[in-house]
Q: 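To start, I am sharing the structure in question, which I have written as structure tokens.
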Amino acid sequence: MSDDRHSRFPDAHSDRDRAEHVELTPQSASRAYSLAFADEEFLCREELRPVRLQLELLKAQLMLDEQGIDSTIVMFGGARIPSPANKESARTQTLADLSHFYDEARDFARMMTESSMKTGGRKNVIVTGGGPGVMEAGNRGALDAGGKSVGLSIVLPHEQAPNGYVTPELSFNFHYFAIRKMHFLMRAAAITVFPGGFGTLDELFESLTLIQTGRMERVPFILFGRAFWEKIINWDALADAGTISEQDLELFKFVETAEEAAEIIHNWSPEPARDSLPGRER
């Protein structure tokens, strides 16, 4: 590893290697002697949470920068939605009926990646949660186009390895949900949401709230499957109740196909973040 830090001091790798090869004595074998940054037990202490939060933010940030990724297309969606070829394994008939969204997600990711590759793979790179279902379809579609894609995994009790279509150099794993969510949105040029469960709903509403409140610039916000979303969420009732404004219903659009979503993104005119909240008097 070349040292391009423009520093006259030893780099951390070198000192870690030297420390590991000193003579073994009661003193050098003590945990107290371990270099702080090489001491996993120390880094996992409760008091080090702020440091771990920073590390999780920085690791993905720096590696995405190194890969030259300027912007992303976010794909949220259910881990349980099977591919049409495997829909017989679905737990319910409704879930089996949603399997066509696997193919739509795959086609959408392929189309976006084909466009991304014209920028050298720097802009509008597909990012998913790295898991199965819609996430797998997104990463798979990017690979179909010969491009790269990002997977942002999270450690869960039942979690399996990332799907095999994520670009290995862009396959990240997180301990903190909050930092993972930041990385989903920090470079987002568009947000797409496919049918899903609690996790998908959490991602949908948190992202939508950031745009609604002006904490995030407006980007294309696309929901695949109007029938699904209107069945599980009574959007008009929220507006009728006054808990959101009529203008808030304009923050997202429904589509059924990959082509519709791609057209919205390609024809999008950038809009600034809101500077006020419609329907809410201060």
Side-chain angles (χ1 to χ4, degrees), residues 72-112 126-142 151-152 154 156 163 165 177 181 184-185 188 190-212 218-241 243-265 268:
T72 57
I73 303 292
V74 180
M75 294 181 66
F76 294 134
R80 305 185 188 195
I81 292 181
S83 66
N86 295 318
K87 68 179 182 179
E88 298 305 320
S89 64
R91 294 174 56 249
T92 67
Q93 183 57 49
T94 300
L95 199 57
D97 293 341
L98 291 172
S99 65
H100 71 280
F101 284 113
Y102 181 101
D103 279 349
E104 292 299 336
R106 183 176 175 181
D107 286 344
F108 172 74
R110 174 185 54 76
M111 295 167 65
M112 290 293 99
I126 293 295
V127 57
T128 80
V134 167
M135 296 174 279
E136 174 188 286
N139 297 119
R140 187 175 182 181
L152 304 180
I154 185 81
L156 298 172
N163 71 68
Y165 303 102
F177 262 107
K181 289 177 178 179
F184 267 122
L185 300 180
I191 298 169
T192 61
V193 191
F194 292 76
F198 286 167
T200 302
L201 288 168
D202 173 56
E203 291 158 343
L204 184 161
F205 282 115
E206 185 155 37
S207 304
L208 201 54
T209 299
L210 289 171
I211 294 174
Q212 179 207 35
R218 282 201 65 179
V219 296
F221 202 111
I222 301 167
L223 307 186
F224 276 77
R226 178 188 287 269
F228 174 84
W229 292 112
E230 290 189 339
K231 181 178 181 180
I232 65 169
I233 303 169
N234 193 333
W235 305 94
D236 291 331
L238 291 171
D240 289 341
T243 54
I244 65 171
S245 71
E246 290 287 345
Q247 293 97 313
D248 291 334
L249 297 178
E250 300 171 1
L251 296 178
F252 57 89
K253 295 183 181 297
F254 296 107
V255 301
E256 302 301 325
T257 67
E259 289 79 7
E260 291 177 83
E263 183 177 0
I264 290 172
I265 293 170
W268 177 261

Q: Would you call Asp240 and Leu238 a side-chain contact if the rule is heavy atoms closer than 4.5 Å?
A: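 No, side chains not in contact.
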Q: For the CZ atom of Arg140 and the CZ atom of Arg110, what is their distance to the nearest 0.5 Å?
A: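 The distance works out to 12.5 Å.
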Q: With heavy-atom distances below 4.5 Å as the criterion, would you say the side chains of Val134 and Thr128 are in contact?
A: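 No, their side chains stay 4.5 Å or more apart.
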Q: Taking all atoms of both residues into account, what is the closest heavy-atom pair of Gly138 and Ala109, and its distance?
A: O-CB, 3.0 Å
Q: Could you pull out the closest heavy-atom pair between Ile191 and Ala188, with the gap in Å?
A: CG1-CB, 4.4 Å
Q: Surrounding CZ of Arg80 (heavy atoms of other residues, nucleotides or ligands, distance under 6.0 Å), is the total greater than 12?
A: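 No, the 6.0 Å shell around CZ holds no more than 12 heavy atoms from other groups.
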Q: Decide yes or no on side chain to side chain contact (heavy atoms under 4.5 Å, CB included) for Phe252 and Trp229, but give the supporting numbers first.
A: CA-CA 12 Å; Phe252 57 89; Trp229 292 112; over 6 Å; no
Q: Within the structure provided, determine whether Phe76 and Leu204 are in side-chain contact (heavy-atom separation under 4.5 Å).
A: no
Q: Which residue, Ile73, Val74, Thr192, forms the side chain to side chain contact (heavy atoms under 4.5 Å, CB included) with Ile126?
A: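 Among Ile73, Val74, Thr192, the one that satisfies the side chain to side chain contact (heavy atoms under 4.5 Å, CB included) with Ile126 is Ile73.
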Q: Mark yes when over 12 heavy atoms from residues, nucleotides or ligands other than Glu263 sit less than 6.0 Å from its CD; otherwise mark no.
A: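 No, the 6.0 Å shell around CD holds no more than 12 heavy atoms from other groups.
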Q: Take Met75 and Phe224, measure what side chain to side chain contact (heavy atoms under 4.5 Å, CB included) needs, and give me the verdict at the end.
A: CA-CA 10 Å; Met75 294 181 66; Phe224 276 77; over 6 Å; no
Q: Surrounding NZ of Lys181 (heavy atoms of other residues, nucleotides or ligands, distance under 6.0 Å), is the total greater than 12?
A: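 Enclosed.
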Q: Between Thr200 and Gly77, which heavy-atom pair has the shortest distance, and what is it?
A: OG1-C, 3.3 Å
Q: Do Asp202 and Phe198 come within less than 4.5 Å of each other through their side chains, counting heavy atoms only?
A: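 Result no, sub-4.5 Å side-chain heavy-atom pair not found.
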Q: Do you know the tightest heavy-atom contact between Ile81 and Tyr102?
A: O-CD1, 4.2 Å
Q: What is the minimum heavy-atom distance between Ser207 and Phe221, and which atoms define it?
A: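 Minimum heavy-atom separation between Ser207 and Phe221: CB-CE1, 3.7 Å.
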Q: Does Ser99 reach the main-chain N or O of Pro82 with its side chain, forming a donor-acceptor pair under 3.5 Å?
A: no
Q: Find out whether Ile265 and Phe108 are in side-chain contact, i.e. whether some heavy atom of one side chain is under 4.5 Å from a heavy atom of the other.
A: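 Answer yes - side chains close enough.
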Q: Contact between Glu256 and Glu104 at the side-chain level, heavy atoms closer than 4.5 Å - yes or no?
A: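 No, every pair of side-chain atoms sits at 4.5 Å or beyond.
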Q: May I ask you to test the Trp235-Leu223 pair for a side-chain heavy-atom distance under 4.5 Å?
A: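 Yes; the side chains approach each other to less than 4.5 Å.
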Q: Apply side chain to side chain contact (heavy atoms under 4.5 Å, CB included) to Glu203 and Val193, showing your working.
A: CA-CA 9 Å; Glu203 291 158 343; Val193 191; over 6 Å; no
Q: When the ring planes of Phe101 and Phe194 are compared, do they come out parallel, tilted or perpendicular, using 30° and 60° as the limits?
A: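 If you compare the ring of Phe101 with that of Phe194, the planes turn out perpendicular.
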Q: At their closest point, which heavy atom of Gly131 faces which heavy atom of Asn163, and how far apart are they?
A: O-ND2, 2.8 Å
Q: Under the 3.5 angstrom rule, does the side chain of Asp103 hit a backbone N or O of His100 as a donor-acceptor pair?
A: no
Q: Tyr165: what forms a ring-ring contact (aromatic ring centres under 6.0 Å, His included) with it, not counting sequence neighbours?
A: none
